Amino acid sequence: MRRIYVKEDVCIGCRLCEIYCIVQHSKSKNIIKAFRNEPRPLPGVLVEEKGPISFALQCRHCDDAPCVESCITGAMQRLEDGRIICDIERCVGCWTCIMVCPYGAIRRDQNRKVASKCDLCIGEDIPVCVKNCPNEALTYE
Amino acid sequence: MLSLCKGEFSVERDDDRCIRCLVCVRQCPSDVHKYDEEEDRIYSDESECVGCQRCATLCPTDAITIRYKPMEMKENANWKTYHLTNIYKQAETGGILLTGMGNDKPYPIYWDHILLNASQVTNPSIDPLREPMELRTYLGRKPDLLDIEDGDELILKTEISPQLKLELPVLFSAMSYGSISLNAVKSLERAATIAGTYYNTGEGGLHKDLHKYGKNTIVQCASGRFGVSPDYLNAGAAVEIKIGQGAKPGIGGHLPGEKVLEEISETRMIVEGTDALSPAPHHDIYSIEDLRQLIFALKETIAYEKPVGVKIAAVHNSAAISSGMARAGADFIALDGVRGGTGAAPLVTRDNVGIPIELALASIDQRLREEGIRNNASLIIAGGIRSSSDIIKAIALGADAVYIGTAALVALGCHLCQKCYTGKCAWGIATQDPYLTKRLNPEIGTRRLVNLLNAWSNEMKELIGGMGINAIESLRGNRLQLRGVGLTDTEYKILGILPAGE
Ligand code: SF4
Ligand code: SF4
Ligand code: SF4
Ligand code: SF4
């Protein structure tokens with residue numbers, strides 16, 4: 001299964017990955033509308049930064065995913081192609097997955113009371129964070 | 001003291017487009033943009049903007065326009081804003097004004113007054129897509145005569161001096177590690193390797209990670225002798241003695257101590273945090289004879305296996321000096337014209353010292369030919385080469401190859417804001433700040449440089465093919481392929497070309 005990897009030596013902390021992730025998961029997929037007029041989803045990718053060091057972190061789509069195993073409703077699930085997604089219809093916001101994720105890759109969507117994480121951009125050949133990183137700090141391989 | 005200088009740029013933000021993503025805030029190295037949480041608004045302090053265009057380029061909604069907005073004074077043909085603001089700054093600081101990049105004053109650019117020839121009817125042009133075209137270039141001393149033994153097989157009896165083999169007549173100019181980032185150096189080194197040409201270490205020594213790529217490296221030996229050791233000299237494919245630089249003829253270099261961090265201090269072999277000062281002259285070179293001594297000392301060190309060249313700034317008597325250099329044993333002469341770039345130079349020197357490279361090249365090529373020593377040394381010219389057509393014109397004027405510095409940095413993202421000397425290059429090129437140097441991903445940098453060289457190669461082939469020439473060798477010094485427009489008789493005479501129509 002292909003995963004996203006980060007090259008932290010060239011991640012410049014611009015956070016454009018987060019921005020394009022938000023746009024991709026918005027209602028209109030129009031960057032200006034998504035940020036100004038629509039409820040804004042959380043980005044599935046999170047840029048960690050300290051001093052000059054920064055890197056973008058998304059769900060690792062682990063082979064032995066503890067979030068899937070511990071999910072009490074079966075919302076957190078693995079799709080056929082291997083990616084792990086959260087079915088927000090079923091998520092009850094108990095945050096069990098957040099506690100067990102070893103990477104801190106799941107976040108609380110306080111508005112919708114559901115777990116929010118990277119879904120590797122369903123329907124895209126290359127995830128939008130990878131495609132839009134201006135410094136090619138993200139790869140999908 | 002109240003500063004009388006205002007910023008030079010205006011920052012316009014289209015509020016209908018801005019999504020408050022704060023990319024601009026994070027990207028500006030001059031801290032121009034600040035987010036005000038209370039008002040959910042971004043304020044921009046225009047006075048600090050240097051016009052590097054980083055924010056405008058990365059803004060995902062194209063909300064920013066950076067406009068050049070110099071102070072508009074009452075019109076005065078003598079007292080331009082340039083002079084007024086310089087005087088204001090100096091009245092405030094009492095110091096020499098510094099700048100980066102090459103001379104930006106409107107001195108004549110002769111490339112733009114020279115046109116190329118093409119074949120029509122009487123001689124066929126050549127289509128580079130169908131026929132082989134040769135841009136390969138050898139730099140180094142060429143023999144006076146070839147002694148060939150005739151027989152079943154031809155045997156070359158003349159011993160050929162060491163040569164540099166280039167797949168196209170373009171090299172990357174000397175830019176030191178220190179003046180530019182390691183990522184920039186790595187991009188140049190890798191691109192030179194892929195394209196089959198050379199990059200030049202400048203006077204900053206050779207970083208330990210780069211010794212293994214020496215075969216595409218020209219190592220420089222300048223007046224500060226930074227990082228010079230037998231290992232270093234032998235690591236490269238050629239050695240260049242740097243006497244002068246087009247952006248600052250007659251003066252030395254100065255890398256401030258703040259930039260001399262651990263790796264730079266190690267590479268330059270100087271104490272961390274100390275200023276790296278290159279004296280104005282080489283204190284062991286006061287004559288052509290002294291230069292000859294250094295050339296041969298270096299040749300001894302590298303066992304006469306590689307060419308040794310000398311770089312000078314183009315100045316009034318370059319032709320005579322070049323004759324001396326060619327006789328002193330230089331295998332190549334690098335000539336840097338008045339528009340040559342720099343990481344830092346006094347503004348007054350950059351803008352007023354030196355001569356245009358086109359005139360220097362023509363007069364040197366002519367002089368060496370007249371003296372019958374043109375084959376002693378190859379001529380590499382530098383200083384403001386902007387396009388493949390500039391290169392073709394240079395070669396027809398007599399150059400063997402060109403150095404590109406500024407053009408290479410532009411390919412890496414440089415926007416010519418001329419603030420290299422501040423160490424805050426927004427594009428990660430002329431800086432050592434780890435937060436900024438990351439912005440230049442050497443993989444992308446390499447690709448961009450290789451693309452540029454490929455594009456220029458293709459264009460050069462089109463241009464020479466159009467003249468009916470299939471090898472760049474046949475264009476070298478072929479001034480009949482050039483015609484001038486709008487020049488004076490004296491300029492035609494120096495350039496050795498005819499006016500268009502003649
Ligand atoms: S877009 Fe790329 S460079 Fe920018 S923060 Fe994300 S990973 Fe880093
Ligand atoms: S792959 Fe798609 S969903 Fe996952 S972080 Fe990147 S942009 Fe967001
Ligand atoms: S980068 Fe563009 S969209 Fe983002 S905050 Fe700045 S001006 Fe607004
Ligand atoms: S990033 Fe460059 S152009 Fe933009 S505000 Fe800062 S200095 Fe000006």
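Being a predicted model, the structure only gives us computed values, none of them experimental. Order of the sequence lines fixes the chain letters, A, B, ..., with proteins taken first and strands second; residue numbering starts at 1 for each chain.
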Trainee: What part of B/Ile19 is in contact with chain A, defined as an atom under 4.5 angstrom from a non-hydrogen atom: side chain, backbone, both or neither?
Mentor: both

Trainee: Return the option, out of B/Pro60, B/Ala63, B/Gly428, with the maximum number of heavy-atom pairs under 4.5 Å with chain A.
Mentor: B/Pro60

Trainee: Indicate whether the side chain of B/Lys438 and that of A/Ser54 have a donor and an acceptor atom separated by less than 3.5 Å.
Mentor: yes

Trainee: Can you tell me which of A/Ile53, A/Asn132, A/Ile31 forms the most heavy-atom pairs within a distance under 4.5 Å of chain B?
Mentor: A/Ile31

Trainee: Kindly check if the number of other-residue, nucleotide or ligand heavy atoms within 6.0 Å of NZ (B/Lys34) is above 12?
Mentor: yes

Trainee: So for B/Leu58, is it side chain, backbone, both, or neither that comes closer than 4.5 Å to the heavy atoms of chain A?
Mentor: both

Trainee: Under 30°, 30 to 60°, or over 60°: which ring-plane class applies to B/His207 and B/Tyr177, parallel, tilted or perpendicular?
Mentor: perpendicular

Trainee: Taking B/Arg26 first and then A/Glu49, would you say they form a salt bridge - that is, a charged N and a carboxylate O separated by under 4.0 Å?
Mentor: no

Trainee: Is B/Cys24 in contact with chain A via its backbone, its side chain, both, or neither, using a 4.5 Å heavy-atom distance?
Mentor: neither

Trainee: Kindly indicate, with the supporting measurements, whether the criterion side-chain contact (heavy atoms from CB on, under 4.5 Å) is fulfilled by B/Thr217 and B/Tyr199.
Mentor: CA-CA 5 Å; B/Thr217 309; B/Tyr199 82 105; 3.2 Å; yes

Trainee: So for A/Asn135, is it side chain, backbone, both, or neither that comes closer than 4.5 Å to the heavy atoms of chain B?
Mentor: both

